[in-house]
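This chain uses plain numbering: 1 for the first residue, then up along the sequence. In each ligand, atom 1 is the first atom listed, and ligand 1 is the first ligand listed.
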Amino acid sequence: MPPQVSVSAPGKVILSGEHAVVYGYPALVASTDFRAKVRIEKINKGLEIIPSEANEIIKKGIENANLFLGKEIDGLKILLNSQIPIGSGMGSSAAVAVALAFALIKIIINKTTLEQVNKLAYLTEKFYHGNPSGVDVAISTYGGYLWYRKETEDFKVFSKVTPNRKLTDFVLVDSGKPLESTKEMVSFYVSGYYKRHPQRVEGIFRNIEKVTKGFLRYILNEENISIIDLIRENERNLESLGVVSEFTKELIRKVEKLGGAAKISGAGGRKGNSGIVLVYHKDEDKLKNILNKWKLIFMDVKFGSRGVTYEKNS
Ligand code: PMV
């Protein structure tokens, strides 16, 4: 058993397919250069977690690891350090679950496979999100770009995508942390809407699927499709689903008036803010100047960073 291990796992941005992916439609997702780091050190006895705010997710991850591997483990000091904004659609809890799963498997049985990590992290993600598609933990495990579909609870089909175009003219604008959690958006709001109006919601999901496939052809450079049209169409569908707040819609309309396109990414939010907004504009400098003028918080992002990996001990 190694005396210590340090690992990191990336957050994600859903390019297209959020919510629909919970119902078996495809999603196209990219890892980002924002990462969560976990370091585990063997100590004599007990469990020490730093910072203590991470207690719940770490304890759940350990409980799942013990069950998954059929071994009890004691005597760990676990340190978490994440750059991924929490609860904003950037896959922060999934990245923590993945980094923790990788580090725990390494500490407990000294050998890991990405398949094991993905499966174990999915159990922890389920505790938080109730009915996740699993796309967040899969992209954080494997990194890069994934085409992802959940066929059944235990059977998920995904494939790495190698883009033939550079996806560079994007920034992430923070519309603010949603009042609702992902679990509320997925398991109460969208699921309630689906139960009341199955045909209407299936129609929205089919439209989202068309856009997701268009996005795939765009990044593979197989067709001359307008990225602006794809993102705008995607956002309109998410608005029909009711997962975008009025405040966020206003922000997105302003970006569109400037000649850009924007969509929420992740579960969204209805009442207050809707988390991270993925914004595209051909003239990134012009966009940034205006975002600054509007006093909006935005972040540069790089897509496609590597999945869960070892870090040098620091
Ligand atoms: O907001 P996030 O990062 O938890 O993204 C959730 C994406 C959903 O499609 C809404 C849910 C899921 O499990 O796929």
Original post:
Atoms of ligand 1 less than 4.0 Å from Val21 heavy atoms?
Top reply: 9 (O), 14 (O)
Subject >> Contact check, side chains of Thr248 and Val277, non-hydrogen atoms, under 4.5 Å >> reply: yes
Original post:
Nearest protein heavy atom to atom 1 (O) of ligand 1, by residue and atom, and its distance?
Top reply: Ala267 N, 2.9 Å
**OP:** From the options Ala95, Ser133, Gly91, Gly130, select the one whose nearest heavy atom is closest to atom 12 (C) of ligand 1.
**Re:** Ser133
Original post:
Does an N or O from His19, backbone or side chain, lie closer than 3.5 Å to an N or O of ligand 1?
Top reply: yes
**OP:** Quick one: look at Met185 and ligand 1, take heavy-atom pairs under 4.0 Å, and tell me if it's side chain, backbone, both or neither.
**Re:** neither
Original post:
Any Lys/Arg nitrogen of Glu250 or Lys254 sitting under 4.0 Å from an Asp/Glu carboxylate oxygen of the other?
Top reply: no
**OP:** Considering heavy atoms of the protein only, find what lies nearest to atom 3 (O) of ligand 1 and give residue, atom and distance to 0.1 Å.
**Re:** Lys12 NZ, 2.6 Å
**OP:** Kindly indicate whether a cation-pi arrangement holds for Arg149 with Phe158, taking the cut-offs as under 6.0 Å to the six-membered ring centre and within 45° of the axis.
**Re:** no
Original post:
Can you list the atoms of ligand 1 that are under 4.0 Å from a heavy atom of Pro132?
Top reply: 13 (O)
**OP:** Take every heavy atom of Glu125, measure it against each atom of ligand 1, and state whether any distance is under 4.0 Å.
**Re:** no
**OP:** Using a strict cut-off of 4.0 Å, indicate which atoms of ligand 1 neighbour a heavy atom of Asp136.
**Re:** 2 (P), 3 (O), 4 (O), 5 (O)
Original post:
Just checking, Arg165 and Tyr218: is the charged tip under 6.0 Å from the six-membered ring centre and within 45° of the axis?
Top reply: yes
Original post:
If you measure every N/O of Glu18 against every N/O of ligand 1, is any gap under 3.5 Å?
Top reply: no
Original post:
Distance only, no hydrogens: is a donor on one side chain within 3.5 Å (strictly under) of an acceptor on the other, for Asn110 and Lys106?
Top reply: yes
Original post:
Just checking, Lys302 and Phe34: is the charged tip under 6.0 Å from the six-membered ring centre and within 45° of the axis?
Top reply: no
Subject >> atom 4 (O) of ligand 1 - nearest protein heavy atom and its distance >> reply: Thr182 OG1, 2.9 Å
Subject >> Glu209 and Lys213 ion-paired at < 4.0 Å >> reply: yes
Subject >> ligand 1 atoms in contact with Val135 (distance to a heavy atom under 4.0 Å) >> reply: 14 (O)
Subject >> Heavy-atom pair of closest approach, residues Val117 and Ala101 >> reply: O-CB, 4.0 Å
Original post:
Considering the options Glu235, Glu233, Glu18, which one meets the side chain to side chain donor-acceptor pair (under 3.5 Å) requirement together with Lys263?
Top reply: Glu18
**OP:** Say whether Gly134, considering both its backbone and side-chain N or O atoms, lies within less than 3.5 Å of an N or O atom on ligand 1.
**Re:** no
Original post:
Nearest protein heavy atom to atom 7 (C) of ligand 1, by residue and atom, and its distance?
Top reply: Ile14 CD1, 3.7 Å
